[in-house]
Amino acid sequence: MKVLSGFIAAAAVVGVAATASASTLDDIKAKGFLQCGVSTGVAGFAFTDDKGNWQGFDPAVCQAVAAAIFGDKSKVKYTPTTGKTRFEALKSGEIDMLARNTTWTLSRDADLKLTFVGVNYYDGQGFMVPKSLGVKSAKELDGASVCIQTGTTTELNLADYFRTNNMKYEPVAIETNAEGRTNYLAGRCDVYTTDASGLAATRATFENPNDHVLLPEIISKEPLGPLVRHGDDQWGDIVRWTLNVLISAEELGVTAANADDMAKNAKNPEIKRMLGTEGKFGPMLGLRQDWGLMAVKAGGNYGEIFERFIGAKTPIGLERGLNAQWVNGGLIYSPPVR
Amino acid sequence: MTDATQTHAPGTHPDLPPPLGNRGAIKWMRENLFSSPTNTVLTLLGIYLIYLAIPPFLDWFILNAVFDAGSRAECWERASGACWSVVIVRFDQLVYGFYPVELRWRVDLSAVLLAVALVPILFDKAPYRRGWFVFSLIYPVIAFFLLWGGLGLEPVESAKFGGIMLTVLIGVTGIVASLPLGIVLALGRRSELLVLKVISICFIEFIRGVPLITLLFVASTLLNYFLPPGTYFDLLLRVLIMVTLFSAAYIAEVVRGGLQAIPRGQFEAAMAMGLSYWKMMGLVVLPQALKISIPGIVNTFIGLYKDTTLVVIIGLLDPLGLSQSILADSKWQGLSTELYIFIAIFFFISCFSMSRYSIYLENKLHTGHKR
């Protein structure tokens with residue numbers, strides 16, 4: 001009993017310590033680096049390069065945030081997280097933010113008490129078919145055999161989609177992506193369906209990727225974005241506005257190469273506000289004056305990051321699609337810096 | 001016939017070799033491969049299968065393989081075989097994980113010292129064994145400072161550990177630490193002291209009743225809630241403790257099996273000699289019990305060694321985990337076979353050595369029970 005009460009007392013002390021601890025930003029400044037949760041490997045989104053450094057579409061967000069805080073994009077430490085440990089790692093304070101292609105849902109927001117600061121990739125379930133099939137749209141897939149992972153939401157989405165469109169299909173059950181790849185290549189199914197980014201990554205591993213096409217239809221919503229835990233709005237704002245600056249930078253034509261020049265000579269006051277030559281927007285967030293400039297210089301604007309890791313010129317070969325700027329008909333949109 | 005002219009005294013004719021068809025390779029083949037029509041058919045079928053399988057395999061494995069390409073695309077342009085470049089380019093990463101390049105000599109040194117420290121433990125004929133043994137005992141401390149840093153060495157956080165180094169670290173620590181703990185637990189479970197017995201039973205049954213993966217989750221997530229935020233209790237240390245406890249519970253039961261097999265007479269004889277409990281156990285009972293338990297103990301160790309790959313689920317990157325992050329690099333995508341073969345070879349060498357050592361030990365110790 002004594003042991004137990006001692007334990008409870010200790011836990012209470014810990015609880016007090018937790019509430020009394022400084023803000024996330026102060027903690028990060030004190031330890032001198034940002035602890036960022038990434039995935040253990042998703043093609044193009046997070047991977048280790050030949051030198052053993054984490055790279056990819058998601059780590060790029062971490063680097064931009066680190067640059068905004070320290071003016072140095074290398075001050076990031078990465079914690080590889082799996083689907084099972086990612087939220088616990090964030091909630092327990094082991095990591096400061098999570099950038100790990102995580103879908104924004106209501107329950108993760110409200111029930112797990114996490115704050116999604118935005119969306120950096122709009123994913124969704126898509127279809128891949130061999131070019132030789134001559135299919136141009138998913139609506140022409142009536143009667144096709146479809147390789148589908150069993151027991152997933154993709155299976156349910158597929159059934160819904162075909163029912164809505166009054167079509168029939170023949171499911172070919174598979175367990176893993178690797179199995180799907182093999183079955184599809186062996187011609188056991190006409191169509192392979194999973195998240196569009198996954199399809200693109202899989203297609204990139206084919207010997208002749210150009211013999212296969214991704215159909216334009218996306219039949220489910222998977223908005224992926226970085227997130228922080230509830231309870232420190234200032235920190236949430238920092239990550240949110242760093243992401244927003246990357247997006248605005250693309251819209252306004254600011255790149256890693258011309259950012260310095262733009263900060264001095266741009267005529268557009270929005271650019272000057274964003275890059276810190278006008279106004280006091282950095283200090284409002286608790287950051288340095290040139291936070292926006294540093295964030296953009298870390299890895300380029302949103303478009304540059306996209307093209308470098310997953311864009312049409314990479315082996316992953318993803319089109320911008322939904323992830324184009326709103327002015328180009330996509331969904332990528334940042335509120336103004338002012 | 002010339003034979004007729006040859007002269008030999010009766011009884012002194014030297015033995016002639018058997019006829020050609022009845023000796024050497026031909027005899028062996030006739031007896032083993034073509035002894036009956038069925039066997040002949042099976043042999044020919046076997047040869048045909050080997051003929052079908054081996055050349056394409058060699059083709060893929062070596063003859064058409066690429067060793068020095070810069071990316072998968074380059075590999076596939078140049079040849080149709082395996083693309084070993086991915087293993088070669090990423091070899092350091094697969095061995096050391098994210099350990100800083102300029103400090104990797106510390107990992108190498110601790111590996112060499114590990115080999116040195118293991119000699120007196122594994123081979124009882126090693127010279128100066130007693131003095132050497134002292135080194136083995138302090139080796140864990142040396143290794144800790146070499147790997148983690150401190151005492152003037154630049155500190156390295158365990159988050160940078162990975163690859164084969166991580167597997168060996170977890171495996172060896174688990175194996176070395178769990179054996180003594182397991183023996184103590186086994187003795188505790190058979191103890192006549194009630195408290196000791198109950199504690200041992202509870203511990204063993206609890207740990208054995210829970211999958212290792214659950215314990216790893218406890219180590220990685222649950223423990224964080226009990227610690228004040230900001231205080232960082234090394235994740236790898238937590239994992240090492242959990243793996244050791246897990247393996248100790250199994251070892252305890254294996255050793256208890258060995259203890260059960262020792263006839264009561266041995267205990268009584270030892271007691272009649274006036275030996276204390278520890279002397280009785282240390283000099284008479286345990287040497288026999290452990291000898292019987294060797295296959296079971298090694299079995300557990302090999303299982304543990306392979307179970308270390310589970311840490312990938314809590315985000316520690318052992319070779320398998322690293323292969324995932326390597327394959328996510330668009331330069332090397334789709335080369336899973338090559339990486340998996342490399343990892344399989346590594347595990348096979350490790351586990352097969354353990355298995356051979358246990359057979360060596362059994363042969364050396366066969367004093368009565370061996371059939």
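Proteins get letters first, then strands, A, B, ... in listed order; numbering begins at 1 in each.
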Sequence neighbours left out, what passes side chain to side chain contact (heavy atoms under 4.5 Å, CB included) with B:T309? Give chain and number order. B:D318, B:L320, B:F347
Does any heavy atom of chain A fall under 4.5 Å from the side chain of [X], the backbone, both, or neither of them?
X	value
B:K331	side chain
B:L317	side chain
B:V101	neither

Checking B:I326 against A:T48 for the side-chain contact (heavy atoms from CB on, under 4.5 Å) test, could you report, in this order, the C-alpha distance in whole Å, the side-chain angles of both residues, the deciding distance, and whether it holds? CA-CA 6 Å; B:I326 292 171; A:T48 53; 4.0 Å; yes
Just wondering, do [Y] and [X] contact through their side chains at under 4.5 Å, heavy atoms?
X	Y	result
B:F98	A:W54	yes
B:Q324	A:V42	no
A:F309	B:S330	no

So for A:F206, is it side chain, backbone, both, or neither that comes closer than 4.5 Å to the heavy atoms of chain B? backbone
Within residues 86-94 of chain B, contacts to chain A at heavy-atom distances under 4.5 Å involve B:V89, B:R90, B:Q93
Of all the residues in residues 194-204 of chain B, which have a heavy atom that comes within less than 4.5 Å of a heavy atom in chain A? none
Give, for atom [atom1] of [X] and atom [atom2] of [Y], the distance between the pair rounded to the nearest 0.5 Å.
X	Y	atom1	atom2	result
A:E88	B:S220	CD	OG	8.0 Å
A:Q55	B:D329	CD	CG	9.0 Å
A:T85	B:L316	OG1	CG	9.5 Å

Which one, A:R86, A:K31, A:K77, leads in non-hydrogen pairs under 4.5 Å with chain B? A:K77
Can you tell me which of A:V38, A:T81, A:D49 forms the most heavy-atom pairs within a distance under 4.5 Å of chain B? A:D49
Using a cut-off of 6.0 Å, state whether more than 12 heavy atoms not belonging to A:Q234 lie near its atom CD. yes
B:F206, CZ: over 12 other non-hydrogen atoms inside 6.0 angstrom: no
Looking at B:L335, B:V312, B:I313, B:L327, which makes the most heavy-atom pairs under 4.5 Å with chain A? B:I313
Select, from B:G315, B:S71, B:G162, the one with the greatest count of heavy-atom pairs under 4.5 Å involving chain A. B:G315
Which residues pass the ring pair (Phe, Tyr, Trp, His ring centres under 6.0 Å) test with B:F217, not counting sequence neighbours? none
